[in-house]
Trainee: 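Here it is, the structure, as structure tokens.
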Amino acid sequence: MSDERPAGAPAPLVTAAAVTAVEGLLLLALAVLEIASLTGGRLTMGLTTSLFFAAFGALLVACGWLITHGHTWARGPILLAQLIALGLAWNLRGGETTIISVALGIVALVVIAGMLHPQTIEAINRQDA
């Protein structure tokens, strides 16, 4: 099994980046679903929501790829997205959305742990130097 990661990209960083990219792909899928469900009564809201999901999803996919290829600035948007996800998970707790809340919270914590892992910090500091 060959290691396809660039030199210096530790496993926690690659894991966090991959999960972030998957989050971005899911947001892109939500953008498509939102466009597919447009109605005349909510055309403006549907289009702006779709645009937001598409832009945010594309940003996450790009940041997930860029962080593993030496662009350390991408760490900020990744961490910010996870903090937003934790807030959303907190708001979704209770009732029928509890499972979504738990899943969202776990995913966000996994990415945060990967981005703040000592090996990741060391790799980012090497790239910045």
Side-chain angles (χ1 to χ4, degrees):
M1 193 172 188
S2 67
D3 187 8
E4 296 294 325
R5 292 188 315 253
L13 174 61
V14 173
T15 300
V19 172
T20 298
V22 170
E23 288 175 325
L25 291 173
L26 289 172
L27 282 170
L28 289 170
L30 282 174
V32 171
L33 291 173
E34 183 65 28
I35 287 174
S37 68
L38 283 179
T39 61
R42 56 180 296 276
L43 184 63
T44 303
M45 179 61 106
L47 286 176
T48 56
T49 301
S50 297
L51 182 61
F52 173 77
F53 284 163
F56 194 32
L59 175 70
L60 289 181
V61 170
C63 285
W65 185 83
L66 290 169
I67 192 75
T68 61
H69 290 81
H71 299 274
T72 58
W73 64 266
R75 187 175 116 171
I78 291 172
L79 288 172
L80 179 61
Q82 304 319 307
L83 293 175
I84 291 168
L86 284 176
L88 183 58
W90 181 258
N91 285 328
L92 291 174
R93 74 192 188 288
E96 296 175 359
T97 58
T98 299
I99 190 72
I100 296 168
S101 172
V102 170
L104 194 56
I106 289 172
V107 168
L109 289 174
V110 165
V111 173
I112 290 170
M115 294 305 295
L116 298 179
H117 192 278
Q119 290 178 357
T120 299
I121 301 292
E122 182 181 326
I124 287 173
N125 287 339
R126 269 197 320 263
Q127 291 169 354
D128 280 342

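What you see below is based on every heavy atom in this structure, not just the backbone, and it leaves out hydrogens, waters and symmetry mates. Not measured: the values here are computed from a predicted model. Just so you know, residue 1 is the first one in the sequence shown, and it goes up from there.
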Trainee: Taking only residues at least two apart or on different chains, which pairs with a member in residues 95-123 satisfy salt bridge (Lys or Arg N to Asp or Glu O under 4.0 Å)?
Mentor: Glu122-Arg126

Trainee: Roughly how far, to the nearest 0.5 Å, is the OG atom of Ser101 from the CG atom of Leu86?
Mentor: 9.5 Å

Trainee: Name all residues meeting the ring pair (Phe, Tyr, Trp, His ring centres under 6.0 Å) criterion together with Phe56; count only those two or more places apart in sequence or in a different chain, and write none if there are none.
Mentor: Phe52

Trainee: According to the ring-ring contact (aromatic ring centres under 6.0 Å, His included) rule, which pairs have a member within residues 92-128, sequence neighbours left out?
Mentor: none

Trainee: For a quick test of reading the model, state the closest non-hydrogen atom pair linking Cys63 to Ala74 and the distance between them.
Mentor: O-CB, 3.7 Å

Trainee: For Ile106, which residues count as a side-chain contact (heavy atoms from CB on, under 4.5 Å) partner, sequence neighbours excluded?
Mentor: Val102, Val110

Trainee: Working to the nearest 0.5 angstrom, can you tell me the gap between Asn125 CG and Thr120 OG1?
Mentor: 10.5 Å

Trainee: Using 0.5 Å steps for rounding, measure from the CD1 atom of Ile67 to the CD1 atom of Ile124.
Mentor: 4.5 Å

Trainee: Decide yes or no on side chain to side chain contact (heavy atoms under 4.5 Å, CB included) for Leu83 and Ile112, but give the supporting numbers first.
Mentor: CA-CA 8 Å; Leu83 293 175; Ile112 290 170; 4.2 Å; yes

Trainee: For residues Leu109 and Val107: do they belong to one hydrophobic cluster (side chain heavy atoms under 4.5 Å, members Ile, Leu, Val, Met, Phe, Trp, Tyr)?
Mentor: yes

Trainee: Please list every donor-acceptor pair under 3.5 Å in which a side-chain atom of residues 13-25 meets a protein atom from a residue at least two apart or in another chain.
Mentor:
unit_1, atom_1, unit_2, atom_2, d
Thr15, OG1, Ala11, O, 2.9
Thr20, OG1, Ala16, O, 2.8
Glu23, OE1, Gln82, NE2, 2.8

Trainee: Please go through Leu88's hydrophobic cluster and name the other residues, only I, L, V, M, F, W, Y counting, with side-chain heavy atoms under 4.5 Å joining them.
Mentor: Leu92, Ile99, Ile100, Leu104

Trainee: Could you pull out all residues at least two apart from Thr48 that satisfy side chain to side chain donor-acceptor pair (under 3.5 Å)?
Mentor: none

Trainee: Going by side-chain heavy atoms closer than 4.5 Å, which hydrophobic residues are tied to Trp65, directly or by a chain of links?
Mentor: Leu66, Trp73

Trainee: Considering only distance and modelled atom types, tabulate donor-acceptor pairs under 3.5 Å from the side chains of residues 29-38, sequence neighbours left out.
Mentor:
unit_1, atom_1, unit_2, atom_2, d
Glu34, OE2, Arg42, NH1, 3.1
Glu34, OE2, Arg42, NH2, 2.5
Ser37, OG, Leu33, O, 3.3
Ser37, OG, Glu34, O, 3.2

